[in-house]
There are 2 protein chains.
Amino acid sequence: MSVAMRAKPRVRSALPATKSGPDRLSPVEIEFVDLFVGLARSVKAPKSIGEIYALLFASAEPLTFDAIVRKLAMSRGSASQGLRLLRSFGAVKATYVAGDRRDHFVAETELRKLVSGFLRERIAPALEGGADRLGRLSVALNAVPSGTRRSAEFEFLRHRAERLQGWQRMARESLPALVKMLDPT
Amino acid sequence: MSVAMRAKPRVRSALPATKSGPDRLSPVEIEFVDLFVGLARSVKAPKSIGEIYALLFASAEPLTFDAIVRKLAMSRGSASQGLRLLRSFGAVKATYVAGDRRDHFVAETELRKLVSGFLRERIAPALEGGADRLGRLSVALNAVPSGTRRSAEFEFLRHRAERLQGWQRMARESLPALVKMLDPT
DNA sequence: CGAAATGTTCAACAAAAAATGAACAAAGTG
DNA sequence: CACTTTGTTCATTTTTTGTTGAACATTTCG
């Protein structure tokens, strides 16, 4: 409520937005950013995503959109898109702060949630797409002229298609198991 | 040995290299390629990798470098680099074929091996790099002026750094477990 | 309502990644 | 050896992806 109380001041635009922390990253923050940018790279995600997440990860209080843009010296566009992606993964949540209209962002730090978001948004769709394509593959296989049906070649291809189905089954079974394994022990 | 026998023919360069299969992909092969290219995309790997692997996956016999280049209508450069990457992952092996000097490539189709190759080549290095950065993070944290050491902010950051170490431990433990889970049941 | 604050979208630009192909090495072959 | 086959390297081009910033909503406030 103290926040609600000081929400009135009409001076903010002139300067005090800058009040909630220096524009410059501290040495420790720099290390966090460096670490997460590397991590982002390794997953082939845009660097900006790593920067934003790192900043939030290293911040005790929720940060506003503007604070992120300023501290990371990043364009509004990137910040907006980056935050959207992070939210879609469940890696960042928007929190409500009384008396402040602006969004305030916080990092989700539970590994299990992060991984499960990643699986849900990136891997699951790929598996689904894979299922579709496997379907089409079957169709193509059945379209093979029936004269050729008994050839070794045909048998081989059928075999390989089955192997793919095995892969899919494995993925559908073991990925959720992996997530469970990550439970806060 | 039949291969060794017909290895002599001196006509090959003029045309018959094309002899070992049509340059055009069959409808079924096209489906395989389509499927694996999609898969490659989902892992953010170059499309050429998906094409090559698909072709080998769908081929009963080992294929030569040249056959790959021709059937996929791909540059030699791409094929060379793609094959190198695939081999580094253990996704493709070179087999010896008697009487033929050329390399012959085969796809590894055991999911467990593919995943473990992926972890070894892509994830493990990232984890190592992460460990390094975590080290530097600790250093930066210890470099904080001792006056500030007792602040809530400092405690928070220390906490977050520990959280990261927890992530690492989790990764080191559960990824190998995942691979085991993929064992040919 | 009009002005200010807060975000989002999207066309244009920049940077990064992948594909190409010609030059180069290596290893047979006659 | 000279010559061919086989494959790799790498500078260049092409394609893809990410970033920027200005225009455009939307909401709040006086």
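Just so it is clear: chains get the letters A, B, ... in the order the sequence lines come, proteins before strands, and each one is counted from 1. Given the structure is predicted, the values throughout are model-derived calculations rather than measurements.
Between A:Ser80 and C:dG7 there is no side-chain N or O to OP1 or OP2 distance below 4.0 Å. The phosphate of D:dT19 (OP1 or OP2) has a side-chain N or O of A:Ser48 nearer than 4.0 angstrom. Put simply, B:Arg41 has a side-chain N or O that comes within less than 4.0 Å of OP1 or OP2 on D:dT17.
The side chain of A:Gln81 lies closest to C:dC10 when the candidates are C:dG7, C:dC10, C:dT20. Residue A:Arg76 has its side chain nearest to C:dG7 when only C:dA19, D:dT8, C:dG7 are considered. Taking only side-chain atoms of B:Pro46, from C-beta outward, the nucleotide of D:dT20, C:dA18, D:dG7 with the closest atom is C:dA18. Closest to the side chain of B:Arg102, out of D:dT8, C:dA18, D:dT6, is D:dT6. Which of D:dG18, C:dA19, C:dT8 sits closest to the side chain of A:Arg84 comes down to C:dT8. When the nucleotides C:dG7, D:dT19, C:dT8 are ranked by their closest atom to the side chain of A:Arg87, C:dT8 comes out on top.
B:Arg70 places its CZ atom 15 Å from the C1' atom of D:dG7, with the value rounded to the nearest Å. Following rounding to the nearest Å, A:Ile68 (CD1) and C:dT6 (C1') show an atom-to-atom distance of 13 Å. Going from atom CZ of A:Arg101 over to atom P of D:dG30 covers 12 Å, rounded to whole Å. At whole-Å resolution of the value, NZ in A:Lys47 and C1' in C:dA14 are 12 Å apart. The nearest whole Å value for the distance from the CG atom in B:Leu85 to the C1' atom in C:dA17 is 13 Å. If you measure from atom CG of A:Asp66 to atom C1' of C:dT6, you get 9 Å, rounded to the nearest angstrom. B:Phe65 has its CZ atom 12 Å from the C1' atom of D:dT5, to the nearest Å. Rounded to whole angstrom, the span from the CD1 atom of B:Ile49 across to the P atom of D:dT16 amounts to 15 Å.
Nucleotides of DNA chain C nearest to A:Leu83 and A:Lys44 differ in position, and the one nearer the 5' end is that of A:Leu83. Of the two residues contacting DNA chain D, namely B:His104 and A:Ser75, the nearest-nucleotide position lying further toward the 5' end is that of B:His104.
One finds a salt bridge joining B:Arg70 and B:Asp66 here, because a Lys/Arg side-chain nitrogen approaches an Asp/Glu carboxylate oxygen to under 4.0 Å. Here B:Arg24 does not pair with B:Glu29 in a salt bridge; the nearest charged N to carboxylate O distance is not below 4.0 Å.
In this structure, the separation between CZ on A:Arg112 and CG on A:Leu114 is 10.0 Å, given to the nearest 0.5 Å.
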Determine, stepwise, if the pair B:His104 / B:Leu63 fulfils side chain to side chain contact (heavy atoms under 4.5 Å, CB included). CA-CA 5 Å; B:His104 289 66; B:Leu63 295 182; over 6 Å; no

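Aromatic pair B:Phe57/B:Phe36: ring centres closer than 6.0 Å.
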